[in-house]
Engineer: 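Please find one structure pasted underneath; my questions will follow.
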Amino acid sequence: MKTKFGFTLMTIDEFEPWLADLQVSRTILTVQEHHTYSPSYSQFKGNNHFELQQGMKNYHVAHNGWSDIAQQFTTFPDGTIMTGRSMESTPACILGQNAHAVCIENLGNFDMGGDAMTPAQRDIIIRMTARLCVRFGLPVNDTNVVYHHWFNLATGKRNNGTENNKSCPGTNFFGGNKVANALANFLPLVAAVGHAPAPLQAPTPAPPASNLLKYACVTASTLNIRTAPNATAAKAGAPVLLGAILRVYQEGNGWYKISNSQSQWVAAQYTIPVKRAKVKASTLNARSGPGTTYPKIGTLSQGQEVFIEKEENNWCQIAMDGKWVSKDFLTFV
């Protein structure tokens with residue numbers, strides 16, 4: 001591994017144990033696939049990984065006004081991976097779809113007529129996507145692994161590429177950027193690697209939901225994690241951020257234990273309880289208040305998962321989002 005500018009460059013063989021050991025308090029439900037388009041292969045010199053990553057961060061911060069580089073990871077043509085934004089932070093990659101997501105930017109222009117993806121990068125994209133899915137207990141399907149192309153640029157509504165969409169991750173990304181292309185050419189490869197025998201066996205999946213007491217949403221701008229349920233205990237890793245959904249395995253004396261395997265605690269007073277639910281309608285309207293008389297401010301797709309903080313008159317408010325949806329079209333997990 002090499003570190004520079006706050007980023008870490010690693011091989012897939014280094015990434016796998018690194019990910020297995022990484023403590024992530026934020027609940028992850030989606031892996032996003034993107035391509036950078038620019039920089040493309042012509043800018044990659046084989047030894048300028050850090051400079052390209054820093055350039056993307058500078059653009060995202062100075063031009064887009066974001067707090068950090070948009071993505072959690074970047075893959076390179078030589079089959080290496082570089083870290084980006086903290087895994088405890090929501091990415092800035094797909095409008096309205098970033099909550100509970102991990103963003104992968106694959107360096108290159110993978111539109112037809114653009115860069116021909118190297119075998120090394122192809123392999124790393126498959127393997128790291130598989131490892132992320134297994135690490136966070138995600139089924140390998142077109143709900144949990146998504147392409148940017150499937151979402152409307154202006155609204156964030158999922159339309160599977162029918163109106164006002166970027167080509168990202170490229171019209172030639174594993175044979176195309178449509179849902180059918182992903183189902184035929186990419187997701188089966190990811191699923192196969194995720195279930196490979198040793199030594200490619202992925203790390204232990206996230207504990208099953210039966211081990212959970214509940215979910216909680218962070219309401220403080222930052223919330224420290226402690227090694228014991230008191231404010232004087234040592235800090236345990238990076239703090240969790242506003243809006244993060246935490247898994248609660250134990251509670252007592254105003255504290256929540258948020259790891260099933262380690263002693264990691266947060267003060268419950270800086271969270272609100274939420275319920276996990278899945279959309280069962282093909283398309284579900286989101287409104288500004290609890291009823292059909294309120295303006296429509298968005299839509300959710302079938303299979304999309306949300307966390308509910310409040311219920312009123314058979315309507316549910318999505319945590320930290322200001323959107324309300326009808327309870328009739330949700331299945332609570």
Engineer: Does NZ in Lys280 sit with more than 12 non-hydrogen atoms of other residues, nucleotides or ligands closer than 6.0 Å?
Structural biologist: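 Counting neighbours around NZ of Lys280, more than 12 heavy atoms of other residues, nucleotides or ligands fall under 6.0 Å, so yes.
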Engineer: Can you list every pair that meets ring pair (Phe, Tyr, Trp, His ring centres under 6.0 Å) and has a residue in residues 145-167, with sequence neighbours left out?
Structural biologist: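 Passing the test, one end in residues 145-167: His34-His148, Tyr147-Trp150, Tyr147-Phe173.
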Engineer: Determine whether more than 12 heavy atoms belonging to other residues, nucleotides or ligands lie under 6.0 Å from atom NZ of Lys257.
Structural biologist: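 Yes, enclosed.
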Engineer: Carefully, step by step, assess Thr30 and Asn144 under the rule side-chain hydrogen bond (donor to acceptor under 3.5 Å, both in side chains).
Structural biologist: CA-CA 4 Å; Thr30 308; Asn144 299 103; 5.4 Å; no
Engineer: As a quick check of understanding, evaluate side chain to side chain contact (heavy atoms under 4.5 Å, CB included) for Gln264 and Gln23, giving each step before the final call.
Structural biologist: CA-CA 10 Å; Gln264 297 183 346; Gln23 296 301 312; 3.7 Å; yes
Engineer: Surrounding NZ of Lys278 (heavy atoms of other residues, nucleotides or ligands, distance under 6.0 Å), is the total greater than 12?
Structural biologist: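 Check fails, neighbour count at 12 or below.
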Engineer: Side-chain heavy atoms under 4.5 Å apart, restricted to Ile/Leu/Val/Met/Phe/Trp/Tyr: what other residues fall into the cluster of Leu242, or is it alone?
Structural biologist: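 In the cluster with Leu242 are Met320.
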Engineer: State whether Lys214 and Glu251 are salt-bridged, where the test is any N-O pair (Lys NZ or Arg NE/NH1/NH2 against Asp/Glu carboxylate O) under 4.0 Å.
Structural biologist: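 Salt bridge between Lys214 and Glu251, a charged N being under 4.0 Å from a carboxylate O: yes.
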Engineer: Hey, any chance Trp66 and Leu241 share a hydrophobic cluster, counting ILVMFWY side chains that come within less than 4.5 Å of each other, even indirectly?
Structural biologist: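 They do not share one cluster, since no chain of ILVMFWY contacts under 4.5 Å joins Trp66 to Leu241.
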Engineer: Does Met112 CE have over 12 foreign heavy atoms under 6.0 Å away?
Structural biologist: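 Open: at most 12 neighbouring heavy atoms sit under 6.0 Å from CE of Met112.
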Engineer: Considering residues at least two apart in sequence or located in another chain, which fulfil the side-chain hydrogen bond (donor to acceptor under 3.5 Å, both in side chains) criterion with Thr3?
Structural biologist: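 Here the qualifying residues are Thr8.
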Engineer: Does Arg135 reach the main-chain N or O of Leu19 with its side chain, forming a donor-acceptor pair under 3.5 Å?
Structural biologist: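 Checked: pair present.
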Engineer: Give me each pair satisfying ring pair (Phe, Tyr, Trp, His ring centres under 6.0 Å) with a member in residues 254-305, each pair once, sequence neighbours excluded.
Structural biologist: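 Sorted result for residues 254-305: empty, none.
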Engineer: Between Ile297 and Ile94, is there shared hydrophobic-cluster membership here, with clusters defined by ILVMFWY side-chain heavy atoms closer than 4.5 Å?
Structural biologist: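 Looking at the clustering, Ile94 is in a separate group from Ile297.
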Engineer: For Thr155, give me all partners under side-chain contact (heavy atoms from CB on, under 4.5 Å), at least two apart in sequence or on another chain.
Structural biologist: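 Thr155: side-chain contact (heavy atoms from CB on, under 4.5 Å) contacts with Asn152, Lys157.
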Engineer: Answer yes or no: does atom CD of Gln262 have more than 12 heavy-atom neighbours from other residues, nucleotides or ligands under 6.0 Å?
Structural biologist: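 Yes, the 6.0 Å shell around CD holds more than 12 heavy atoms from other groups.
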Engineer: Does the Asn48 side chain pair with the main chain of Gln43, one donor and one acceptor, at a distance under 3.5 Å?
Structural biologist: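 Confirmed, Asn48 side chain pairs with Gln43 backbone.
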Engineer: In terms of hydrophobic clusters joined by side-chain contacts under 4.5 Å, are Trp324 and Val274 together?
Structural biologist: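 Different clusters.
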Engineer: State whether Arg85 and Glu105 are salt-bridged, where the test is any N-O pair (Lys NZ or Arg NE/NH1/NH2 against Asp/Glu carboxylate O) under 4.0 Å.
Structural biologist: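 Looking at Arg85 and Glu105, the cut-off is not met.
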Engineer: When Ile, Leu, Val, Met, Phe, Trp and Tyr are grouped by side-chain heavy atoms lying under 4.5 Å apart, directly or through other members, which residues fall in the same group as Tyr59?
Structural biologist: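 When side chains under 4.5 Å apart are linked, Tyr59 ends up in no cluster with other residues.
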Engineer: Out of Ile104, Asn109, Asp115, which one pairs with His35 under the side-chain contact (heavy atoms from CB on, under 4.5 Å) rule?
Structural biologist: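 Filter result, single survivor: Asn109.
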Engineer: Are side-chain heavy atoms of Ile258 and Arg247 found at a separation under 4.5 Å?
Structural biologist: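 Side-chain contact under 4.5 Å: no.
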Engineer: Check the surroundings of atom CZ in Phe15: do more than 12 heavy atoms from other residues, nucleotides or ligands lie under 6.0 Å from it?
Structural biologist: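 Atom CZ in Phe15 is crowded, with more than 12 foreign heavy atoms closer than 6.0 Å.
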Engineer: Please tell me whether Val193 and Met10 are part of a single hydrophobic cluster in this structure, the criterion being side-chain heavy atoms less than 4.5 Å apart.
Structural biologist: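 Yes, Val193 and Met10 fall within the same hydrophobic cluster.
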Engineer: Say whether, by atom type as modelled, one donor and one acceptor occur between the side chain of Arg226 and the main chain of Ala234 under 3.5 angstrom.
Structural biologist: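 The answer is no, because no donor-acceptor pair under 3.5 Å joins these two groups.
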Engineer: Within the side chain of Thr36, is there an N or O that forms a donor-acceptor pair under 3.5 Å with the backbone of Pro39?
Structural biologist: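 A pair under 3.5 Å: yes.
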Engineer: For a quick check under 3.5 Å, do Ser42 and Ser40 share a side-chain donor-acceptor pair by atom type?
Structural biologist: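 Looking only at side-chain atoms, Ser40 and Ser42 do form a donor-acceptor pair, the distance falling under 3.5 Å.
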Engineer: How far apart are the closest heavy atoms of Val31 and Cys133, and which atoms are they?
Structural biologist: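 Here Val31 and Cys133 meet closest at CG2-SG, 4.5 Å.
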Engineer: Is Ile225 close to Lys235 at the side-chain level, that is, under 4.5 Å between some pair of heavy atoms?
Structural biologist: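 Of all side-chain heavy-atom pairs linking Ile225 with Lys235, none is under 4.5 Å.
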Engineer: Just do the side-chain hydrogen bond (donor to acceptor under 3.5 Å, both in side chains) check on Thr75 and Asn106 with the steps written out, would you?
Structural biologist: CA-CA 5 Å; Thr75 71; Asn106 301 297; 2.7 Å; yes
Engineer: Please identify each residue that fulfils side-chain contact (heavy atoms from CB on, under 4.5 Å) with Ala99, with sequence neighbours left out.
Structural biologist: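 Not a single residue meets the side-chain contact (heavy atoms from CB on, under 4.5 Å) criterion with Ala99.
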Engineer: For residues 139-149, which residue pairs pass the salt bridge (Lys or Arg N to Asp or Glu O under 4.0 Å) check, not counting sequence neighbours?
Structural biologist: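 Listed once each, the pairs are Asp142-Arg158.
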Engineer: For Thr83, check side-chain hydrogen bond (donor to acceptor under 3.5 Å, both in side chains) against everything at least two apart and list the hits.
Structural biologist: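 By the side-chain hydrogen bond (donor to acceptor under 3.5 Å, both in side chains) rule, Thr83 matches no residue at all.
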Engineer: Looking at Arg127 and Asp13, does any basic side-chain N land under 4.0 Å from a carboxylate oxygen?
Structural biologist: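 So Arg127 pairs with Asp13 through a salt bridge.
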Engineer: What is the ring orientation for His49 with Phe76, classed by angle as parallel under 30°, tilted 30 to 60°, or perpendicular over 60°?
Structural biologist: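 Rings of His49 and Phe76: perpendicular, over 60°.
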Engineer: Please check if the distance between the ring centroids of Phe307 and Tyr215 is under 6.0 Å.
Structural biologist: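 Phe307 vs Tyr215: aromatic centres under 6.0 Å.
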Engineer: Evaluate Gln32 against Asn98 for side-chain hydrogen bond (donor to acceptor under 3.5 Å, both in side chains), listing each step before the verdict.
Structural biologist: CA-CA 9 Å; Gln32 302 175 0; Asn98 293 313; 3.3 Å; yes
Engineer: Return yes when atom CG of Asn253 has more than 12 non-hydrogen atoms of other residues, nucleotides or ligands closer than 6.0 Å, and no otherwise.
Structural biologist: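 Incorrect, the count does not exceed 12.
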Engineer: Transitive ILVMFWY cluster of Val325 at side-chain heavy atoms under 4.5 Å: who else is in it?
Structural biologist: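 Hydrophobic cluster check, Val325: joined to Val279, Leu284, Leu300, Val306, Ile308, Ile318, Phe329, Leu330, Phe332.
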Engineer: Listed by chain and number, what are the side-chain hydrogen bond (donor to acceptor under 3.5 Å, both in side chains) partners of Asn285, not counting sequence neighbours?
Structural biologist: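 Asn285 satisfies side-chain hydrogen bond (donor to acceptor under 3.5 Å, both in side chains) with no other residue.
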Engineer: Are side-chain heavy atoms of Thr118 and Tyr41 found at a separation under 4.5 Å?
Structural biologist: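 The answer is yes, as the side chains (C-beta and beyond) meet within the 4.5 Å cut-off.
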Engineer: Looking at Asp21 and Trp18, would you say the former's side chain and the latter's main chain have a donor-acceptor pair under 3.5 Å?
Structural biologist: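 Side chain of Asp21 to backbone of Trp18: no pair is present.
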Engineer: Picking from Thr90, Leu246, Ile245, what satisfies side-chain contact (heavy atoms from CB on, under 4.5 Å) with Arg26?
Structural biologist: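 Option passing the side-chain contact (heavy atoms from CB on, under 4.5 Å) with Arg26: Thr90.
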Engineer: Just checking, any donor-acceptor pair under 3.5 angstrom between side chains of Thr129 and Glu33?
Structural biologist: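 A donor-acceptor contact under 3.5 Å links the two side chains.
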Engineer: Asn172 and Asp111: side-chain hydrogen bond (donor to acceptor under 3.5 Å, both in side chains), yes or no, with the steps?
Structural biologist: CA-CA 5 Å; Asn172 199 31; Asp111 284 337; over 6 Å; no
Engineer: Among residues at least two apart in sequence or on other chains, which ones pass side-chain contact (heavy atoms from CB on, under 4.5 Å) with Asn58?
Structural biologist: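 With neighbours one apart ignored, the set is Gln54.
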Engineer: Please determine whether a side-chain nitrogen of the Lys or Arg among Lys275 and Glu311 lies less than 4.0 Å from a carboxylate oxygen of the Asp or Glu.
Structural biologist: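 Counted as a salt bridge, because a side-chain N and a carboxylate O are separated by less than 4.0 Å.
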Engineer: Given 3.5 Å as the limit, does a donor-acceptor pair link the side chain of Arg287 with the main chain of Lys323, or not?
Structural biologist: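 Not at all, since once roles are kept as given, no pair shorter than 3.5 Å links the two residues.
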